[in-house]
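One structure below.
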Amino acid sequence: MYRAPSELLQAAFDDPVLDAQQSFRAALKALAEPGTRQPLAVVAAVDHLQAATYALCLSLLDNDTPLWLAPAFDTPAIRANLAFHCGCPVVEAREEAMFALLDAAALDDLSGFYNGSERYPDQSCTLLVQLDRLDRGPALSWQGPGIDGNRLVGLPLKPAFWQQRAARSDFPRGLDALFCADGEVLGLPRSTRIGDSLAEVA
Amino acid sequence: MNAHAIPASEAGYNFAYLDEQTKRMIRRALLKAVAIPGYQVPFGGREMPLPYGWGTGGMQLTAAILGAGDVLKVIDQGADDTTNAVSIRRFFARTAGVATTERTPAATVIQTRHRIPETPLAAGQIMVYQVPIPEPLRFIEPSEQETRTMHALGDYGVMHVKLYEDIATFGHIATSYAYPVTVDGRYVMDPSPIPKFDNPKLDRSPALMLFGAGREKRLYAVPPYTRVVSLDFEDHPFQIQQWEQCCAICGSGDSYLDELIVDDAGSKQFVCSDTDYCAQRAQQQESRP
């Protein structure tokens, strides 16, 4: 029987109740005001699962949420800590995942992740995406619920991500993403409409 | 544990009453609700220590979002001092140790039964609505299967038939509360039994709106700055209630008024339904020389 090696385990949130609450509120605000950066609770990173991404995992995942791990996060230490602190099943099939833990390299292909049905669009997969930073990418104009007019957001993402997102979007079906870096989270719900790049607008 | 982070709260209960796994379940549902504005997300509603109809849906949402730094305001039909408002406010003061207020601008979370405050809401505030029947199509179509399909297809013609029947019978749209709205051009939503007077306050509000129905186990949301349009017809445009009277206490001519019978002869007075708004206005008038 597989047993998580206990020497791989490390402490999670200092305050499991209030740190989880603060991280959830950051995620809620990030999705309610797409494109804004919200500070998450502080926690020690596990391998290359950064503090911000890990804080979201700790606040949102439990035994009800099958998780898909991108290859970069599939390490014994990350598996052991997620198993202990969240208790979430790690699934091999993308279709079964309620959450997916992705890095930038995994964004070229979003096929397989469930984007909900017309009758139950809420059952779609939520993407937790760890990036190096949340700015200094090509500025795009975001519009839609949560945005007063439009907002210029410069996520450092390749065009392939936006093509993949568009291919999986058919509102109300779609994928919601929470991008994490440097202790902050930035939300991109399916309801956000991406306009022309700044260059094209100017 | 950060001892400083949790103020004195009722012993024997988790922070804000609900257990952490229940909070996570509600929180995940809230994230989906915000991502699909106006869509009703099913959630595993818990029994709360008060009966359905007293705001159990709103309380579960408040319990899931509340943090130690929040300032909570609770209103019932606009009033901070009625039984429902007092008991829910006290519940969270005891189980979460959070600060409470009656002042709208001072609150970070406002749980409400059937009103939106008159004082304009600010960015960063969260409104939590108590909802009895979340499904706007329910009175027309009793089957959940059918209403779910209607929402999936955006098949809302029947809502206009209902409003048209009002016009055919009464000469005007007689629906005065829980007046249906379209959210961001897609989902038709029940704004909870707020008077239609409050509907325009939902449109492009800077605050985040969360709706919770405990008995029906549904929650839904309207993010800030979202288009919320009340259903109407070109020749019968949406209109809000108006009064010939002003508030008997503060003299306001533009707030939602409650009618009071003040003596055995049936004399009437009209006063603001929003007690905080009214008290602030009255105080300002007194302090003026």
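In what follows, every chain begins at residue 1, and chains take the letters A, B, ... in the order their sequences are listed.
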Q) Quick one: do A:R193 and B:D184 make a salt bridge, cutoff under 4.0 Å? A)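 A salt bridge is present here (some side-chain N lies under 4.0 Å from a carboxylate O).
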
Q.
Could you check whether B:D70 pairs with A:R25 (Lys NZ or Arg NE/NH1/NH2 to Asp/Glu carboxylate O, under 4.0 Å)?
A.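 Yes, charged N to carboxylate O under 4.0 Å.
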
Could you check whether any side-chain N or O of [X] sits under 3.5 Å from a backbone N or O of [Y], counting only pairs where one atom can act as donor and the other as acceptor?
| X | Y | result |
| --- | --- | --- |
| B:R186 | A:P172 | no |
| A:R119 | B:R148 | no |
| A:Q21 | B:I65 | yes |

Pick one of side chain, backbone, both or neither for [X], based on which atoms fall under 4.5 Å of a heavy atom in chain B.
| X | value |
| --- | --- |
| A:F13 | neither |
| A:L61 | backbone |
| A:A20 | both |
| A:S117 | neither |

**Q.** Choice from B:V222, B:V41, B:L66, B:L208 maximising heavy atom contacts with chain A below 4.5 Å
**A.**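 The residue among B:V222, B:V41, B:L66, B:L208 with the greatest pair count is B:L66.
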
**Q.** Minimum heavy-atom distance between B:E20 and A:V17, given as atom pair plus value
**A.**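 Taking every non-hydrogen atom into account, OE2-CG1, 3.6 Å.
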
Q. Of the non-hydrogen atoms in A:F171 and B:A35, which two are nearest, and what is the gap between them?
A.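 Minimum heavy-atom contact is CE1-O, 4.0 Å.
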
Quick one: pull up [atom1] in [X] and [atom2] in [Y] and give me the separation to the nearest 0.5 Å.
| X | Y | atom1 | atom2 | answer |
| --- | --- | --- | --- | --- |
| A:S59 | B:R24 | OG | CZ | 9.0 Å |
| B:L30 | A:F24 | CG | CZ | 5.0 Å |
| A:D15 | B:F15 | CG | CZ | 9.0 Å |
| A:L60 | B:R27 | CG | CZ | 8.5 Å |
| A:D122 | B:L31 | CG | CG | 12.0 Å |

Q: Go through B:I126 and A:L28 one step at a time and tell me if the side chain to side chain contact (heavy atoms under 4.5 Å, CB included) criterion holds.
A: CA-CA 11 Å; B:I126 301 180; A:L28 180 71; 4.3 Å; yes

Q.
Can you confirm whether the side chains of A:N63 and B:Q21 place a donor and an acceptor under 3.5 Å from each other?
A.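 Yes, a side-chain donor-acceptor pair sits under 3.5 Å.
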
**Q.** Partner of B:P223 under side-chain contact (heavy atoms from CB on, under 4.5 Å), chosen from A:P145, A:P34, A:P189
**A.**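 Exactly one pass, corresponding to A:P145.
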
Q. Taking atom CZ of A:R133 as the centre, does the number of heavy atoms from other residues, nucleotides or ligands within less than 6.0 Å exceed 12?
A.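 Yes - once you tally the heavy atoms of other residues, nucleotides and ligands closer than 6.0 Å, there are more than 12.
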
